[in-house]
Amino acid sequence: MKVVNLKQAILQAWKERWSDYQWAINMKKFFPRGATWDILNLAEALLEQAMVGPSPNPLILSYLKYAISSQMVSYSSVLTAISKFDDFSRELCVQALLDIMDMFCDRLSCHGKAEECIGLCRALLSALHWLLRCTAAFAERLQEGLEAGAGASLHTEAASWTAIEHCLLKLGEILANLSNPQLRSQAEQCGTLIRSIPTMLSVRSEQLHKTGFPTIHALILLEGTMNLTGEMQPLVEQLMMVKRMQHIPTPLFVLEIWKACFVGLIESPEGTQELKWTAFTYLKIPQVLVKLKKYFHGEKDFTEDVNSAFEYLLKLTPLLDKADQRCNCDCTNFLLQECNKQGLLSEVNFAILVGKRTSDREPQLKSSENANIQPNPGLILRAEPTVTNILKTMDADHSKSPEGLLGVLGHMLSGKSLDLLLAAAAATGKLKSFARKFINLNEFTTHGSGESTKTASVRALLFDISFLMLCHVAQTYGSEVILSEASSGEEVPFFETWMQTCMPEEGKILNPDHPCFRPDSTKVESLVALLNNSSEMKLVQMKWHEACLSISAAILEILNAWENGVLAFESIQKITDNIKGKVCSLAVCAVAWLVAHVRMLGLDEREKSLQMIRQLAGPLYSENTLQFYNERVVIMNSILEHMCADVLQQTATQIKFPSTGVDTMPYWNLLPPKRPIKEVLTDIFAKVLEKGWVDSRSIHILDTLLHMGGVYWFCNNLIKELLKETRKEHTLRAVQLLYSIFCLDMQQVTLVLLGHILPGLLTDSSKWQSLMDPPGTALAKLAVWCALSSYSSHKGQASSRQKKRHREDIEDYISLFPVEDMQPSKLMRLLSSNEDDANILSSPTDRSMNSSLSASQLHTVNMRDPLNRVLANLFLLISSILGSRTAGPHTQFVQWFMEECVDCLEQDSRGSILQFMPFTTVSELVKVSAMSSPKVVLAITDLSLPLGRQVAAKAIAAL
């Protein structure tokens with residue numbers, strides 16, 4: 001018997017009524033080994049012959065069922081063949097096809113090569129499309145005449161997914177008119193399930209039952225207390241990341257921001273800190289919310305969420321009343337006005353909220369003391385446009401109207417005007433521009449030629465005020481806002497040079513013998529003579545910058561003369577009066593050197609230097625001083641107090657600086673004396689954990705401990721405290737609080753946590769017990785949160801509070817974690833791979849290289865970056881643990897870590913930390929029951945890469 005082709009063989013079997021078993025034997029005789037049945041399209045040929053008439057041919061269908069059961073044909077070829085049938089008017093044929101699909105739908109799998117797995121995924125999409133078309137066709141027969149819509153896309157089969165969504169829309173319209181409620185309900189459930197496919201990676205149940213979110217609270221307190229000058233965008237991104245990781249509903253998210261702001265207003269120390277918090281709450285946070293609005297779909301929806309947040313806030317009457325009492329005004333009203341102005345509230349909602357707060361508000365009885373005091377929120381809101389006007393004034397030619405400019409600056413010095421303006425500038429991102437203009441002014445006043453006495457005094461005052469303001473800015477907001485961008489060829493301004501080399505700062509040790517303190521000897525001699533012999537400082541043609549640089553050497557000579565009996569104390573008084581009599585900046589420069597000098601002296605050598613500081617700190621009671629002297633002395637004393645704080649503590653010395661009635665250094669010296677810092681750390685964390693939130697004072701203590709102990713000590717000890725906790729609700733709270741505490745220096749903490757602490761716990765079997773649930777689950781969650789936060793932001797710049805700390809040397813991480821570079825030829829082949837390549841992962845020649853191959857290498861991520869290197873090695877360790885035969889708490893920890901990674905990922909989050917996971921880890925992970933789902937596989941593989949899609953398809957097909 002000679003058979004020409006497959007169709008003839010099937011027809012002959014039908015004519016001769018072969019049994020399914022006999023048919024299979026004869027088919028193998030007709031078609032000897034060579035091409036597979038899938039290549040010959042056996043499934044499609046059988047279906048084509050079976051579906052010729054109005055009802056299916058049962059004999060030929062039995063051949064197909066036998067072929068499926070005996071694995072002559074693959075599931076993908078059968079599904080593809082079924083999806084080509086489109087005559088839905090033949091109900092019996094459709095029923096037969098559904099029965100065939102029902103044979104194997106609960107055991108779909110593929111253990112072949114990667115391209116075969118990809119083929120099964122394609123076939124599933126086609127089958128899903130066919131099922132929807134089938135459902136729509138039969139629903140349409142119940143309810144005629146409805147039209148279709150349009151859809152979106154998926155990764156590899158965009159056209160197929162578009163067709164599926166097209167059918168879903170059509171189906172939805174038809175189902176709405178079905179009279180059978182049971183059928184409609186079942187069909188709607190199917191549609192809902194299908195629609196969830198693209199969002200299966202990102203849909204989470206939000207925590208509507210929770211009302212407090214300590215991470216958001218602590219982040220806001222940290223930013224308001226320590227980083228007012230920070231850029232808004234990093235804060236916005238960090239807040240959004242926490243919202244996503246912790247699944248916080250938007251109204252409660254906004255509410256927590258407001259709650260933290262009001263707590264900050266209530267507990268902030270009087271003075272500069274109070275003004276900074278007011279500026280943060282009323283100027284910066286509304287702008288942050290404006291930026292947050294862009295992350296949400298639908299502007300109207302976000303304004304409704306903001307309105308809901310305010311409705312919740314207005315129920316917290318005791319908190320709002322306390323804030324009103326502290327600020328001596330209706331704080332909420334000011335905030336509502338600002339949000340309305342920024343378009344965060346509609347006019348209708350604004351009016352309702354204002355009325356609600358007015359009716360709920362406790363009447364404030366104004367005492368005679370505070371009746372005339374203007375509330376800070378109102379002052380800050382008025383200060384913002386004033387900052388803009390001052391910046392414009394500073395842009396003018398200083399030589400044309402120096403007296404007018406002096407009047408403006410003099411007004412800034414009165415009362416708390418300067419701190420108000422600086423806080424407003426800091427909160428709106430204008431402080432750096434503000435400082436730059438004062439540096440330019442200071443530079444302009446360093447020289448004078450052909451000037452009168454009046455002109456010289458105006459120039460001296462402009463120099464002094466600009467110098468004092470810049471010192472005050474550097475001490476209050478950090479020296480980073482003063483420094484300009486380095487550019488070759490440009491001369492560095494005098495103040496920048498002096499600040500970097502001569503100005504004492506926290507953590508900066510100055511050498512009193514540094515060349516910057518040893519200028520031209522002739523200038524020093526003339527300055528000493530001027531200070532010692534004149535009744536007062538001369539002003540005309542005085543080069544103030546040279547005097548400031550020479551004063552240190554002059555003070556050394558004067559000190560030596562005093563100690564050797566050449567000068568009496570009365571002469572010293574006259575000299576110090578001369579130094580501070582006209583321009584206070586000379587006294588600041590003198591004390592800056594004296595602070596460095598005292599550090600180098602023995603106990604019995606310090607008295608005269610400290611006495612000179614005391615003389616320079618007191619005001620000069622004289623009628624022959626320049627304008628705004630008292631205002632300048634107030635700023636000078638604040639600067640001197642900051643400069644001397646460390647050295648006075650180290651030498652156990654007290655100097656009473658003239659008091660303004662406000663603590664100028666509220667967060668300084670908070671650590672209890674004579675207590676080990678580890679005890680302080682564990683105590684403060686225990687108190688924070690018990691309260692459930694971090695306050696401003698605790699943040700400053702923790703920051704001081706981080707400075708003193710270092711990042712590893714700080715992180716390691718706090719992780720030990722976490723692992724001691726055995727109560728589930730406390731471990732979750734501890735994670736939320738620790739994450740916010742680690743934000744003090746998230747980048748460095750993450751390197752230590754992922755690069756040192758976790759590997760130590762996972763590789764030491766004696767520590768595995770500490771990784772049991774609940775502390776192990778909590779640590780996994782914390783590690784993922786830190787990794788995601790650092791990776792999303794590590795390309796940005798470190799904040800000002802982090803720049804002062806030691807940056808880890810990249811070479812330390814390269815030597816600690818050696819990662820072999822990919823061989824170029826193999827890498828290039830992988831980069832150019834496509835869907836039809838042979839199974840790369842199972843190639844025996846590439847097995848050693850593939851054990852660590854990850855998506856990050858195919859994306860050519862820079863592996864010299866410390867964080868990238870640490871992440872790559874952590875995932876190599878995870879892969880090793882999953883592949884080992886030893887199970888224990890460490891393998892359970894790895895599962896929790898990966899589950900948290902999946903839980904925190906956004907849809908289509910390409911380039912996440914999971915790109916560092918070796919591709920081989922996927923097949924190991926799906927062996928774990930909790931991770932064996934298509935959702936997990938799709939989440940942990942990079943579907944933008946052909947190889948990633950092959951790995952995902954292979955893993956899903958094997959489930």
Side-chain angles (χ1 to χ4, degrees), residues 201-202 215 219 230-231 233-246 295 711 715 719 735-736 738-759 779-799 802 807-808 810 812-814 816-817 819 852 854-879 894 896-919 921 939-945 948:
L201 308 183
S202 62
T215 308
L219 272 177
E231 291 181 13
Q233 193 56 35
L235 173 59
V236 168
E237 290 171 4
Q238 193 170 32
L239 288 170
M240 280 303 298
M241 175 157 282
V242 173
K243 181 185 186 300
R244 189 176 69 252
M245 292 190 301
Q246 299 187 12
Y295 287 77
V711 179
C715 183
I719 294 299
V735 168
Q736 294 173 329
L738 278 175
Y739 172 82
S740 55
I741 290 167
F742 286 170
C743 286
L744 286 166
D745 198 347
M746 181 58 80
Q747 291 289 326
Q748 293 295 298
V749 167
T750 302
L751 289 175
V752 164
L753 178 60
L754 304 186
H756 297 273
I757 295 172
L758 276 191
L779 179 58
K781 189 181 287 287
L782 178 63
V784 172
W785 289 3
C786 290
L788 288 172
S789 295
S790 293
Y791 189 73
S792 68
S793 64
H794 83 297
K795 290 171 185 169
Q797 295 183 345
S799 71
Q802 296 172 3
R807 300 290 95 195
E808 294 287 351
I810 186 169
D812 295 345
Y813 283 90
I814 290 174
L816 265 173
F817 307 113
V819 175
S852 64
S854 65
S856 63
Q857 289 166 304
L858 300 186
H859 286 307
T860 60
V861 171
N862 174 22
M863 291 308 294
R864 290 188 62 80
D865 179 275
L867 182 60
N868 293 347
R869 188 166 286 269
V870 163
L871 285 167
N873 280 276
L874 178 63
F875 278 107
L876 278 176
L877 177 59
I878 285 173
S879 185
V894 166
W896 291 326
F897 183 91
M898 295 305 300
E899 284 175 348
E900 189 63 28
C901 284
V902 173
D903 193 52
C904 290
L905 283 176
E906 288 182 291
Q907 188 183 359
D908 287 336
S909 54
R910 300 174 192 174
S912 74
I913 60 170
L914 284 174
Q915 69 177 311
F916 295 98
M917 182 184 69
F919 285 119
T921 310
I940 63 179
T941 48
D942 189 335
L943 301 178
S944 67
L945 292 170

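Atom CE of M746 and atom OG of S789 lie 5.0 Å apart (nearest 0.5 Å). Atom CD of residue Q748 and atom SG of residue C715 lie 11.0 Å apart, to the nearest 0.5 angstrom. Here CE of M240 is found 11.5 Å from CE of M245. Values are rounded to the nearest 0.5 Å. Expressed to the nearest 0.5 Å, how far CZ of R244 lies from CG of D903 amounts to 11.0 Å. L754 contributes atom CG, which lies 8.0 Å from atom CD1 of I913 (distance to the nearest 0.5 angstrom). Note that OG1 of T750 and CG of L788 are 10.0 Å apart. Values are rounded to the nearest 0.5 Å.
Two residues are said to be in side-chain contact when any heavy atoms from C-beta on lie closer than 4.5 Å; E237 and S792 fail this criterion. Contact annotation: the side chain of V242 approaches that of Y739 to within less than 4.5 Å [non-hydrogen atoms, C-beta and beyond]. Between F897 and L874 the shortest side-chain heavy-atom distance falls below 4.5 Å. M917 is not listed as a side-chain neighbour of S879, based on a closest heavy-atom distance of 4.5 Å or more. Side-chain atoms of L782 and I719, non-hydrogen and from C-beta on, do get closer than 4.5 Å to each other.
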- Please step through side-chain contact (heavy atoms from CB on, under 4.5 Å) for the pair L779 and V735, ending with a clear verdict. CA-CA 7 Å; L779 179 58; V735 168; over 6 Å; no

- Message: As a quick check of understanding, evaluate side-chain contact (heavy atoms from CB on, under 4.5 Å) for Y791 and N868, giving each step before the final call.
- Response: CA-CA 8 Å; Y791 189 73; N868 293 347; 3.3 Å; yes

- Check step by step if side-chain contact (heavy atoms from CB on, under 4.5 Å) holds for F875 and M898. CA-CA 10 Å; F875 278 107; M898 295 305 300; 3.9 Å; yes

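When all heavy atoms are compared, the tightest approach of L219 to S740 is N-CB, 4.3 Å. Shortest non-hydrogen contact noted between Q736 and T215 is O-OG1, 2.8 Å.
C786 pairs in a side chain to side chain contact (heavy atoms under 4.5 Å, CB included) with only one of the listed residues (L753, L738, L751, V752), which is L753.
Checked by atom type, the side-chain pair Q246/W785 shows no donor-acceptor distance below 3.5 Å.
Using modelled atom types, one side-chain atom of Q747 and one backbone atom of S790 make a donor-acceptor pair closer than 3.5 Å.
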